[in-house]
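As the structure is a prediction and not an experimental result, all values here were calculated from the model.
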Amino acid sequence: MFDYIHDPEEIRRRSIEAIRSEVNLDAFPEDIRPVAERMVHACGMPDIVADLDFSTGAAAAGRAALADGAPVLTDSEMLRVGIIRDRLPAGNETVCTLNAEGVAQSAKAAGTTRSAAAVDLWRPMLEGAVVAIGNAPTALFHLLELLAAGAGRPALVIGFPVGFIGAAESKGALIAVAGSVHYITLQGRRGGSALAAAAVNALTGNEG
């Protein structure tokens with residue numbers, strides 16, 4: 001009834017071909033280009049690359065951490081399940097503490113969001129981890145507060161919180177502390193779990 005491409009490999013080949021015809025990534029470091037491509041592939045918006053921001057060596061730091069078995073800490077279950085786990089290089093653990101016991105009560109007591117309260121449970125795992133935030137600006141803000149207070153440094157922070165309140169500001173705050181932590185982020189309001197998961201998947205070095 002409908003004329004469309006069925007073969008997944010052909011779909012992927014044509015998608016990457018289309019992305020490369022519409023997006024000039026020559027100005028980006030070679031190790032960031034797969035991240036940019038994967039993100040455009042995930043959202044269908046080539047113009048997002050203009051807002052992509054990252055610290056020098058960020059992608060290499062993330063890849064090395066994953067190869068060494070670092071956990072991936074996420075702010076939402078949607079992001080966690082979007083990571084292609086069987087392609088993580090060292091059987092890395094993917095962690096989301098949003099629904100952990102006591103988080104809702106802690107958030108209420110502190111007058112904050114569950115997303116921010118859940119970040120407190122990352123403390124023992126932060127050192128050398130890959131952190132991916134694709135939903136809540138409050139999670140990114142609170143992570144930065146923990147780092148300022150002396151918490152362990154992640155190997156990489158992938159910061160893609162989305163929305164109208166705090167998203168752009170939290171990413172601006174991440175960029176401002178670039179000297180203390182590697183980051184990949186998307187300036188402005190746009191973001192989301194799909195983009196954050198795409199960035200993590202690009203760092204595995206695998207296709208798909």
Side-chain angles (χ1 to χ4, degrees), residues 39 42-43 51 53-55 58 62 65-66 69-85 88 92-201 203:
M39 289 172 57
C43 70
D51 295 327
D53 203 329
F54 48 88
S55 60
L66 291 176
V72 184
L73 311 180
T74 72
D75 70 322
S76 71
E77 285 291 344
M78 182 184 295
L79 199 170
R80 188 184 69 81
V81 300
I83 295 168
I84 306 173
R85 295 187 64 185
L88 289 168
N92 308 68
E93 185 179 8
T94 57
V95 178
C96 177
T97 55
L98 183 63
N99 298 310
E101 184 177 354
V103 166
Q105 293 85 347
S106 295
K108 185 175 182 179
T112 190
T113 66
R114 284 195 305 128
S115 296
V119 170
D120 281 319
L121 300 183
W122 294 355
R123 286 175 182 265
M125 300 174 279
L126 274 176
E127 185 69 38
V130 172
V131 173
I133 295 175
N135 182 36
T138 55
L140 182 52
F141 272 128
H142 192 46
L143 171 66
L144 297 177
E145 289 172 341
L146 293 183
L147 297 181
R153 258 37 185 179
L156 174 66
V157 176
I158 294 171
F160 294 137
V162 62
F164 293 89
I165 306 301
E169 294 82 359
S170 65
K171 290 180 277 189
L174 174 61
I175 294 168
V177 300
S180 64
V181 64
H182 278 299
Y183 71 89
I184 301 173
T185 192
L186 191 68
Q187 295 187 55
R189 295 172 173 175
R190 291 186 292 184
S193 294
L195 287 178
V200 175
N201 291 333
L203 295 177

Enquirer: Answer yes or no: is there a donor N or O on one side and an acceptor on the other, between the side chain of N92 and the main chain of A70, under 3.5 Å?
Expert: yes

Enquirer: Restricting to non-hydrogen atoms, name the atom on T112 and the atom on A116 that form the minimum distance, rounded to 0.1 Å.
Expert: OG1-CB, 3.5 Å

Enquirer: Could you list all the salt bridge (charged side-chain N to carboxylate O under 4.0 Å, His left out) pairs where at least one residue sits in residues 188-201, not counting sequence neighbours?
Expert: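 Residue pairs with at least one partner in residues 188-201: D47-R190, D51-R190.
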
Enquirer: Can you check whether V95 reaches V72 side chain to side chain, under 4.5 Å on heavy atoms?
Expert: no

Enquirer: The criterion is salt bridge (charged side-chain N to carboxylate O under 4.0 Å, His left out); which residues satisfy it with E77, sequence neighbours excluded?
Expert: R80

Enquirer: Rounded to the nearest 0.5 Å, what separates atom CD1 in I83 from atom CG in L79?
Expert: 5.5 Å

Enquirer: When the side chains of residues 136-143 are checked against the rest of the protein, which donor-acceptor pairs come out under 3.5 Å, sequence neighbours left out?
Expert:
unit_1 : atom_1 : unit_2 : atom_2 : d
T138   : OG1    : T113   : OG1    : 2.6
H142   : ND1    : E145   : OE1    : 2.8
H142   : NE2    : D120   : OD1    : 2.8
H142   : NE2    : D120   : OD2    : 3.4

Enquirer: Looking at G152 and L126, what are the two nearest heavy atoms and their distance?
Expert: O-CB, 3.5 Å

Enquirer: Would you find more than 12 non-hydrogen atoms of other residues, nucleotides or ligands less than 6.0 Å from M78 atom CE?
Expert: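 12 or below, so no.
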
Enquirer: Which pair of non-hydrogen atoms, one from A194 and one from A42, has the smallest distance, and what is that distance?
Expert: O-CB, 4.2 Å

Enquirer: Check whether D53 reaches the backbone of L186 with its side chain - one donor and one acceptor, N or O, closer than 3.5 Å.
Expert: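 No, the answer is negative, given that no donor and acceptor are paired below the 3.5 Å cut-off.
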
Enquirer: According to the side-chain hydrogen bond (donor to acceptor under 3.5 Å, both in side chains) rule, which pairs have a member within residues 165-175, sequence neighbours left out?
Expert: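 Every candidate side-chain hydrogen bond (donor to acceptor under 3.5 Å, both in side chains) pair involving residues 165-175 fails, so no pair, neighbours aside, qualifies.
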
Enquirer: Please report the shortest heavy-atom distance between P154 and V181, naming the atom on each side.
Expert: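 Closest approach of P154 to V181, heavy atoms only: O-CG2, 3.8 Å.
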
Enquirer: Nearest 0.5 Å please: distance from the CG atom of D75 over to the CH2 atom of W122.
Expert: 5.5 Å

Enquirer: Quick one: side chain to side chain contact (heavy atoms under 4.5 Å, CB included) partners of A155, sequence neighbours excluded?
Expert: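 Once residues adjacent in sequence are excluded, the partners of A155 under the side chain to side chain contact (heavy atoms under 4.5 Å, CB included) criterion are A65.
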
Enquirer: Which heavy-atom pair separates N135 from S76 by the least distance, and what is that distance?
Expert: CB-CB, 4.4 Å

Enquirer: How long is the straight-line distance from CZ of F160 back to OG1 of T185, given to the nearest 0.5 Å?
Expert: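 So the gap between those two atoms works out to 6.0 Å.
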
Enquirer: Suppose the criterion is salt bridge (charged side-chain N to carboxylate O under 4.0 Å, His left out): which pairs have a residue in residues 148-164, not counting sequence neighbours?
Expert: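 Matches after skipping sequence neighbours: none remain.
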
Enquirer: Say you draw a straight line from CG of L121 to OG1 of T97; how long is it, rounded to the nearest 0.5 Å?
Expert: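 Between atom CG of L121 and atom OG1 of T97 there are 5.0 Å.
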
Enquirer: Under the criterion side-chain contact (heavy atoms from CB on, under 4.5 Å), I'd like the reasoning laid out for L98 against S115: C-alpha separation, chi angles, the key distance, then a yes or no.
Expert: CA-CA 6 Å; L98 183 63; S115 296; 3.9 Å; yes

Enquirer: So do the side chains of I158 and L203 get within less than 4.5 Å of each other, counting heavy atoms only?
Expert: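 With C-beta onward as the side chain, the pair touches.
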
Enquirer: For N99 and R114, which I'm curious about, is there any donor-acceptor pair between the side chains at under 3.5 Å?
Expert: yes

Enquirer: Would you check, one step at a time, whether the test side-chain contact (heavy atoms from CB on, under 4.5 Å) holds for L144 with L174?
Expert: CA-CA 7 Å; L144 297 177; L174 174 61; 4.0 Å; yes

Enquirer: CD/E93 to CG/L73 distance, rounded to the nearest 0.5 angstrom?
Expert: 8.5 Å

Enquirer: Let me confirm one number: the OG-CD1 distance from S55 to I184, rounded to the nearest 0.5 Å.
Expert: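 Going from the OG atom of S55 to the CD1 atom of I184 covers 7.5 Å.
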
